[in-house]
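Since the model is a prediction, treat every value here as computed from it, not as a measurement. We number each residue from 1, following the sequence as shown.
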Amino acid sequence: MSDGARDKFDDADYPAYTMGRAAEMTGVTQPFLRSLEEHGLITPERSAGGHRRYSRTQLRLATRARELVDQGTPVSAACRIITLEDQVTELSRQRTEASD
């Protein structure tokens, strides 16, 4: 395997999955993935042909959103919760780095 291919394989942000495969892997529907895009939680890359391509990071976010929705949280609120959770995590990371 070439270094470039290995880098893509290891990169959690590389858009490797089609919408159908992403839906299958996360256990959600394609319209659910589109709704996450509409609410700004994920922004899939587009292939040359205009097809959505998702990364492993985006699949994790979709899975988390599905968990919240399954618990009765509206999609818009689930997207906001996840965004805030990510912000808190990033701020904690920055705080830890600053104190080192």
Side-chain angles (χ1 to χ4, degrees):
M1 185 182 303
S2 71
D3 287 340
R6 190 179 344 270
D7 290 344
K8 290 176 186 176
F9 183 75
D10 293 336
D11 184 357
D13 294 319
Y14 182 74
Y17 304 99
T18 63
M19 178 179 270
R21 184 70 177 131
E24 179 183 315
M25 290 173 68
T26 57
V28 303
T29 63
Q30 293 180 19
F32 184 81
L33 289 172
R34 284 191 290 273
S35 73
L36 298 181
E37 183 179 354
E38 290 168 11
H39 286 92
L41 181 63
I42 57 178
T43 304
E45 297 285 326
R46 296 287 183 147
S47 69
H51 299 281
R52 290 172 175 88
R53 303 289 289 192
Y54 297 87
S55 68
R56 288 193 323 260
T57 299
Q58 291 170 330
L59 298 185
R60 281 193 216 71
L61 292 172
T63 300
R64 176 72 176 123
R66 183 192 50 135
E67 291 168 354
L68 290 169
V69 169
D70 286 350
Q71 295 170 8
T73 306
V75 173
S76 59
C79 292
R80 185 68 180 137
I81 288 166
I82 294 165
T83 299
L84 291 171
E85 288 173 343
D86 285 351
Q87 289 173 353
V88 168
T89 300
E90 177 60 19
L91 288 171
S92 294
R93 185 191 63 74
Q94 290 174 4
R95 181 175 171 216
T96 299
E97 285 179 2
S99 66
D100 288 342

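Using a cutoff of 4.0 Å between basic side-chain nitrogens and carboxylate oxygens, R52 and E45 are not scored as salt-bridged.
For the pair R21 and T18, the minimum side-chain heavy-atom distance is below 4.5 Å. With contacts defined as side-chain heavy-atom distances shorter than 4.5 Å, the pair R95/S92 does not qualify. No side-chain heavy atom of R53 sits less than 4.5 Å from a side-chain heavy atom of P44.
Going from atom CD1 of I82 over to atom NE2 of H39 covers 11.5 Å, rounded to the nearest 0.5 Å. The line from CG of D70 to CZ of R66 is 6.0 Å long, rounded to the nearest 0.5 Å. Considering CE of M25 and OH of Y17, their distance stands at 4.5 Å, rounded to 0.5 Å. To the nearest 0.5 angstrom, R64 atom CZ is 10.0 Å from D86 atom CG.
Checked by atom type and distance alone, the side chain of H51 never pairs as donor or acceptor with a backbone atom of S47 at under 3.5 Å. Checking side-chain atoms of R80 against main-chain N and O of S76 turns up no donor-acceptor pair under 3.5 Å. T73 places no side-chain N or O within donor-acceptor distance of the main-chain N or O of V69, the cut-off being under 3.5 Å.
Shortest non-hydrogen contact noted between A65 and A78 is O-CB, 4.2 Å. For A12 against S55, the heavy-atom pair with the smallest separation is O-CB, 3.2 Å.
Between the side chains of E67 and Q71, no donor N or O sits under 3.5 Å from an acceptor N or O.
Of the options I42, D13, L41, a side-chain contact (heavy atoms from CB on, under 4.5 Å) to Q58 is made by I42 and by none of the others.
The side-chain contact (heavy atoms from CB on, under 4.5 Å) test applied to A62 returns T26, L33, L36, not counting sequence neighbours.
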